[in-house]
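Taking it in order: structure first as structure tokens, then the write-up.
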Protein chains: 2
Amino acid sequence: MDELDAVFRALADGSRRELLDRLHARNGQTLNELCTGLVMSRQAVTKHLAILEGANLVATYWRGREKLHFLNPVPIHAISERWIDKYEHGRLRLLAELKKNFEEDSDG
Amino acid sequence: MDELDAVFRALADGSRRELLDRLHARNGQTLNELCTGLVMSRQAVTKHLAILEGANLVATYWRGREKLHFLNPVPIHAISERWIDKYEHGRLRLLAELKKNFEEDSDG
DNA sequence: TCATTATGCAACTATATGGTTGCATGTCAA
DNA sequence: TTGACATGCAACCATATAGTTGCATAATGA
């Protein structure tokens with residue numbers, strides 16, 4: 001369960017989700033490439049990427065002096081399967097409960 | 001997109017995910033019921049529930065002096081559809097890219 | 001060789017976060 | 001009516017987080 005926690009925490013930040021989106025759009029980018037167009041400093045991006053790496057969402061390897069970043073979709077698949085699906089299954093039932101509750105509420 | 005951010009942030013904390021799990025197990029619990037068995041104070045639970053409410057993950061209504069909490073599955077469905085699915089679709093391709101990259105790496 | 005480029009490391013800062021405690025308010029039931 | 005119960009509100013605290021700046025290191029290429 002601790003792996004899930006790292007992933008959820010990593011995904012909590014919008015800048016990190018944007019970095020993932022950029023890698024999703026074009027995989028294997030260098031740090032500098034990922035920095036272009038962002039308002040924050042390179043160091044800030046480095047830190048975000050380190051957190052994504054720590055959550056196994058990004059894998060890296062060195063090509064000369066460049067560090068290439070690759071998206072690893074496995075942890076996202078994991079939270080989808082192990083956590084989100086649980087809520088999706090009972091979704092219509094839960095919605096019905098909510099609705100019923102609000103109806104009772106407005107009835108008095 | 002700001003709604004997604006609130007949901008991701010709300011889900012980042014393990015205590016909050018546990019509260020959602022408890023409501024998923026039994027919907028409509030009062031604050032006191034949700035507190036039982038947890039190590040933190042009632043006030044801490046209140047704050048967590050407020051954050052979940054702020055992200056629309058939990059809906060509440062009053063019955064006398066008791067506050068009932070209901071799970072709202074819609075935001076979880078939303079992040080699943082609007083964010084996670086995007087990564088799930090290209091998942092095998094992304095994995096293949098990762099694998100290929102590591103093979104090239106070990107080749108030299 | 002040497003300047004340039006790509007990145008890392010460390011120290012520092014401001015604010016967000018998760019938690020606490022104490023007291024107030026409103027509802028229920030004897 | 002009054003005490004107990006369920007919850008809210010506010011102040012406070014320690015730590016985590018997101019960001020910065022400055023300097024160091026290593027690869028590239030002219």
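Atom CG of Asp5(A) is separated from atom C1' of dG18(C) by 14 Å (rounded to the nearest Å). Rounded to an integer number of Å, the gap from Glu66(B) CD to dT25(C) C1' is 16 Å. In this structure, NE2 of His69(B) is placed 11 Å from C1' of dA6(D), rounded to the nearest angstrom. Rounded to whole angstrom, the span from the CG atom of Leu38(B) across to the P atom of dT20(C) amounts to 11 Å. Atom C1' of nucleotide dT7(D) and atom CD of Glu33(B) are separated by 14 Å, given to the nearest angstrom. Summarising the geometry, the separation between CH2 on Trp62(B) and C1' on dC28(C) is reported as 14 Å, rounded to the nearest angstrom. Straight-line distance from the CG atom of Leu31(A) to the C1' atom of dA27(D): 15 Å, rounded to whole Å. When rounded to the nearest whole Å, the span between CD of Gln29(A) and P of dT7(C) equals 11 Å.
Glu53(A) has a carboxylate O that lies under 4.0 Å from a charged side-chain N of Lys67(A), or vice versa, which qualifies the two as a salt bridge. Between Lys100(B) and Glu97(B), no side-chain nitrogen of the basic residue sits less than 4.0 Å from a carboxylate oxygen of the acidic one, so the salt-bridge criterion is not met.
Tyr87(B) and Asp21(A) share a donor-acceptor pair across their side chains, judged by distance under 3.5 Å alone.
Residue side chain Arg42(A) does not reach the base of dG19(D) through any donor-acceptor N/O pair under 3.5 Å, judged by distance alone.
Clustering ILVMFWY residues whenever any of their side-chain heavy atoms sit less than 4.5 angstrom apart, transitively, puts Leu57(B) in the very cluster that holds Leu31(B). Under the 4.5 Å side-chain heavy-atom criterion for ILVMFWY residues, a single connected hydrophobic cluster contains both Ile76(A) and Trp83(A). Both Leu4(B) and Leu11(A) are members of a single hydrophobic cluster when ILVMFWY side chains are connected at heavy-atom separations under 4.5 Å.
Close to dT20(C), at under 4.0 Å from its OP1 or OP2, lies no side-chain N or O of Lys47(B). The phosphate of dT5(C) (OP1 or OP2) has no side-chain N or O of Asn32(A) nearer than 4.0 angstrom. The phosphate of dG19(D) (OP1 or OP2) has no side-chain N or O of Ser41(A) nearer than 4.0 angstrom. Dashed line: the shortest gap from a side-chain N or O of Arg65(B) to OP1 or OP2 of dA29(C) is not under 4.0 Å. Distances shown here put every side-chain N or O of Lys67(A) at or beyond 4.0 Å from the OP1 or OP2 atom of dA6(C).
For residues 48-60 of chain B, proximity to DNA chain D is found at no residue, defined as any non-hydrogen atom under 4.0 angstrom from a strand atom.
Residues Arg63(A) and Arg9(A) each lie close to DNA chain D; by heavy-atom proximity, the contact nearer the 5' end of the strand is made by Arg9(A). In this structure, Val45(A) and Gly64(A) both approach DNA chain D, and ranking their closest nucleotides by distance from the 5' end singles out Val45(A).
Contact annotation for Arg16(A): backbone-only contact, meaning every heavy-atom pair under 4.0 Å involves sugar-phosphate atoms and none involves a base. The residue Gln43(B) sits close to a base: some heavy atom pair falls under 4.0 Å.
Between Glu3(A) and Asn56(A), every side-chain heavy-atom pair lies at or beyond the 4.5 Å cut-off. The closest side-chain heavy-atom distance from Arg16(B) to His48(B) is below 4.5 Å.
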